[in-house]
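Below is one structure, written out as structure tokens; comments come after it.
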Amino acid sequence: MRAHRPMINLALIGFMGTGKSAVGRLVAKQLRFDFLDTDACIEAQTGLRIAELFARAGEAAFREHERRLVDDLGRMTRTVIATGGGLAANEQNLASLKQHALVVCLWASPETIWDRVADQSHRPLLRDPDPLAKIRLLLAQREPFYRQADVLVNTDRRSIKEVAHQITHQYRLARNAAPPP
Ligand code: S3P
């Protein structure tokens, strides 16, 4: 753990299918924090599902929505923030999250990710003739960003409950070690 700064919030980053939303909801309950999902925020702001937004406006427009939302997240307090899988694969977004949150990355192998998302169809980036190859490629591209998290948690063969307990514990340790805001 390398965080020596105020940590008012907790941000979950990591690839699609690593459990950010499910784990995040449980961690928020355990810490008595609010919960915010960046994809859900963008859907509420635009009135479009993420897949529709990609189809109508393109990925670059979606990334711009993410970038603007990241600026607003600094105003949150006592909030667990579950980010879309690509949001933290960007130096500015990552640096911005680190100003107010403990950044925790949920990790899983490409095979585990594929197992978890294979029966879901709402992720435009995985609508590919070879989704497992696409997962491997994107994960390799994003790994250098994900590795900059304060805490890296492997979720392979672990339940949502186990992962959530570990993160809640890590957050309490980190917050107690950090200087007051
Ligand atoms: C994306 C991940 C998705 C969503 C969008 C793009 C990505 O979020 O933001 O489809 O680039 O990895 P989840 O990680 O919650 O699936």
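Just follow the structure's listing: the first ligand is 1, and inside any ligand the first atom is 1. Please read all numbers here as calculations on a predicted model, not as lab measurements.
Contacts between Arg127 and ligand 1 below 4.0 angstrom, taking non-hydrogen atoms only, are absent altogether.
The residue from Glu43, Arg63, Arg49 that puts a heavy atom closest to atom 11 (O) of ligand 1 is Arg63.
Annotation: Gly17 places no N or O atom under 3.5 Å from an N or O atom of ligand 1; distance criterion only.
Side-chain atoms of Ile42 and Leu53, non-hydrogen and from C-beta on, do get closer than 4.5 Å to each other.
Residue-ligand proximity, Arg142 to ligand 1, at heavy-atom distances under 4.0 Å covers atoms 7 (C), 11 (O), 12 (O). Residue Ile50 has at least one heavy-atom neighbour below 4.0 Å for each of these atoms of ligand 1: 5 (C), 10 (O). Near Asp39, meaning under 4.0 Å from one of its heavy atoms, ligand 1 places the atoms 3 (C), 4 (C), 8 (O), 9 (O), 13 (P), 15 (O). Applying the 4.0 Å criterion to heavy atoms of Leu125 picks out, from ligand 1, the atoms 7 (C), 11 (O). Interface of Arg123 with ligand 1, defined as ligand atoms under 4.0 Å from a residue heavy atom, comprises 16 (O).
In this structure, the protein non-hydrogen atom closest to atom 10 (O) of ligand 1 is Pro124 CD, 3.6 Å. Of all protein heavy atoms, the one closest to atom 14 (O) of ligand 1 is Lys20 NZ, 2.6 Å.
In this structure, His122 falls outside the shell of residues with a heavy atom less than 4.0 angstrom from ligand 1. Using 4.0 Å as the threshold, His65 has no heavy atom nearer than that to any atom of ligand 1.
Checking Thr155 against Arg116 by side-chain atom types alone, a donor-acceptor pair falls below 3.5 Å. For Gln45 and Arg68, the side-chain atoms include no donor-acceptor pair closer than 3.5 Å.
Taking 4.0 Å as the cut-off between side-chain N and carboxylate O, Glu111 and Arg136 count as a salt-bridged pair. Between Arg67 and Asp71 there is a salt bridge, with a side-chain nitrogen of the basic residue lying less than 4.0 Å from a carboxylate oxygen of the acidic one.
Interatomic distance, Ile13 CD1 to Thr83 OG1, rounded to the nearest 0.5 Å: 6.5 Å.
Using a 30° and 60° split on the angle between ring planes, Tyr146 and Trp107 fall in the perpendicular class, above 60°.
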The test is side-chain contact (heavy atoms from CB on, under 4.5 Å); show your working for Asp34 and Val80 and say whether it passes. CA-CA 6 Å; Asp34 291 330; Val80 174; over 6 Å; no
